[in-house]
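Have a look at the structure below, then the notes.
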Amino acid sequence: MRARHLAPAALLLPFTLLLAACGGSSRAEGGGGTGSGTDGKGSLTLNVGDQKGGSEALLRAAGELDDLPYKIKWSTFTSGPPLLEAVNAGAVDVGAVGNTPPVFAAAAKSKIKVIAGSHSRSDGETILVKKDSPLKRPAQLKGKSVAVAQGSSAHYQLVASLKKAGLTTKDVTLNYLQPADALAAFTRGKVDAWAVWDPYTSQALDQADARVLTTGQGLVNGLSFQVAAPAALDDKKKSAALKDYTDRLRRAQNWVFKHPDVWAKAWAKETGLPEKVALDAVKRTRGTAVTVAVDKAAIASEQQIVDSFAALKLIPRSFDFGEFVDPRFNGDLPPSGTVPRTYGKAH
């Protein structure tokens, strides 16, 4: 059944489950961590913040939770910002977020350290329009309305796309909406375009009569991060566990690239996404990730986001992003600019 024959509410559940899974938002819906159980054995416990269908599901599917020599206590959050609030408070030792939540957390002088990175293709970072929209290129967004989650990776992608087209955010009407509300507005034609990220991109293309106006490829850095509490890094045993944990995530990501169908099925079961949508998102974005070093190039790329949001007064000040990075686990990881994997033709 085509999405135009459905009430928007019929599509909201998976979107709500996966709220801000990649970019995060400066205004989380709900947000507090909820317990999700414990894995492993031993006297040491690593408190890990997660998002629905995130690190726990990935590690479990890849078999990387089978031989843990320490315990992992999972807490689930709706998005990156509240997860980083928990890191700042010391309630969580580490958690995965997109490229933008650390900018907002650091701007608020949170106690966080970026310790690991991954680089994915940015085909899933999109500005969507309806299939029958007259808009054919980003420059035509002038005077139009665009839905976007404020402070998300999509927000930065929109800013960058407009800049490339010779426009600024003042040339469009911004509708700051979380994905579920943005979907409803997009489906009803209340906005002309929607800036969003995978898996929402894949779902909208499949179910909401959407087409891609432009992508973030070549405009955004495609980075996501593991962010830890400084106190955990200062604890010798927890620091060793963090190194092991990031190694497991790297192996799990390698497994995903080789087993996209198996992971898509597990991801769909975990989140409520249709399997086809999950597989599209894996092949377009999620499965392409390569674990990389948080190096000077990554810091410089994040600094561009810092400076852009500071100029837009979305954060109170500019600052040195490098001060919020701990490179101790970079080791022999490849540079942050390492080309992501690909499954061939972009989906």
Side-chain angles (χ1 to χ4, degrees), residues 21-22 33 35-77 80 83-84 86-87 92-98 102 112-120 223-229 231-233 235-260 262-267 269-271 282 285-295 298 325-334 336 338 340-341:
C22 178
S36 300
T38 302
D39 283 284
K41 58 186 179 181
S43 58
L44 178 69
T45 298
L46 198 63
N47 295 298
V48 179
D50 198 18
Q51 299 178 49
K52 193 75 173 179
S55 300
E56 180 184 1
L58 176 66
L59 291 167
R60 197 174 305 285
E64 288 291 342
L65 296 179
D66 295 342
D67 59 346
L68 278 175
Y70 51 90
K71 292 177 182 176
I72 292 179
K73 185 179 185 301
W74 301 98
S75 295
T76 304
F77 296 81
L83 191 161
L84 292 187
V87 173
V92 165
D93 295 318
V94 68
V97 297
I112 62 167
K113 290 289 186 180
V114 175
I115 63 167
S118 63
H119 187 205
S120 306
L223 295 173
S224 57
F225 299 109
Q226 293 292 324
V227 181
L233 290 165
D235 182 304
K236 189 173 181 179
K237 291 182 178 179
K238 280 199 172 181
S239 180
L242 285 169
K243 172 66 166 65
D244 178 79
Y245 177 73
T246 56
D247 286 345
R248 289 171 187 272
L249 284 170
R250 175 178 50 79
R251 293 195 297 266
Q253 188 61 55
N254 292 341
W255 174 87
V256 164
F257 179 69
K258 296 174 183 176
H259 303 88
V262 179
W263 168 235
K265 185 172 291 188
W267 194 25
K269 184 177 180 180
E270 178 76 11
T271 60
V282 169
T285 309
R286 295 302 179 90
T288 69
V290 177
T291 304
V292 294
V294 188
D295 54 17
V325 171
D326 187 319
R328 72 178 69 182
F329 300 140
N330 279 350
D332 59 355
L333 289 174
S336 60
T338 299
R341 299 172 170 115

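Keep in mind that the numbers below use all heavy atoms, side chains included, and drop hydrogens, waters and symmetry copies.
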Inter-residue atom distance Leu46.CG - Leu242.CG, 0.5 Å rounding: 5.0 Å

Heavy-atom closest pair, residues Ile112 and Pro102: CD1-O, 4.0 Å

Shortest non-hydrogen contact from Asp39 toward Trp74: OD2-NE1, 2.8 Å

Arg248 versus Glu64, closest heavy-atom pair with distance: NH1-O, 2.8 Å

Pairwise distance CD(Glu56) to CD1(Ile72) - rounded to 0.5 angstrom: 8.5 Å

Closest non-hydrogen atom pair between Phe257 and Gly287, with its separation: CD1-O, 3.5 Å

Interatomic spacing from OH in Tyr70 to NZ in Lys237 - rounded to 0.5 Å: 14.5 Å

Test item: His119 side-chain N/O and Ser336 main-chain N/O as donor-acceptor pair under 3.5 Å: yes

Distance-only side-chain donor-acceptor flag, Tyr245 / Asp93, under 3.5 Å: no

Check: Val294 main-chain N/O paired with Asn330 side-chain donor or acceptor under 3.5 Å: yes

Gap separating the CZ atom of Phe329 from the OG1 atom of Thr291, nearest 0.5 angstrom: 14.0 Å

Distance (rounded to the nearest 0.5 Å) between Thr271 OG1 and Lys52 NZ: 8.0 Å

Asp326 side chain vs Ile115 backbone, donor-acceptor pair below 3.5 Å: no

Check: Arg328 side chain, Ser239 main-chain N or O, donor-acceptor pair, under 3.5 Å: no

Verdict with reasoning, Ser118 to Ser224, per side-chain hydrogen bond (donor to acceptor under 3.5 Å, both in side chains): CA-CA 5 Å; Ser118 63; Ser224 57; 2.7 Å; yes

Rounded distance (nearest 0.5 Å) linking atom CG of Leu59 with atom CG of Leu65: 5.0 Å

Test side chain to side chain contact (heavy atoms under 4.5 Å, CB included) applied to Val292 and Leu333, step by step: CA-CA 5 Å; Val292 294; Leu333 289 174; 5.8 Å; no

side-chain contact (heavy atoms from CB on, under 4.5 Å) against Thr45, all qualifying residues, sequence neighbours excluded: Asn47, Lys71, Lys73

Donor-acceptor pair between Trp255 and His259 side chains, under 3.5 angstrom: yes

Test side chain to side chain contact (heavy atoms under 4.5 Å, CB included) applied to Lys258 and Arg341, step by step: CA-CA 11 Å; Lys258 296 174 183 176; Arg341 299 172 170 115; over 6 Å; no

Nearest non-hydrogen partners of Pro260 and Val282, listed with the distance: CB-CG1, 3.9 Å

Taking every non-hydrogen atom, the tightest pair across Ala298 and Asp295: N-OD1, 2.9 Å

Those residues that, when tested against Arg250, pass salt bridge (charged side-chain N to carboxylate O under 4.0 Å, His left out) (two or more places apart): Asp247

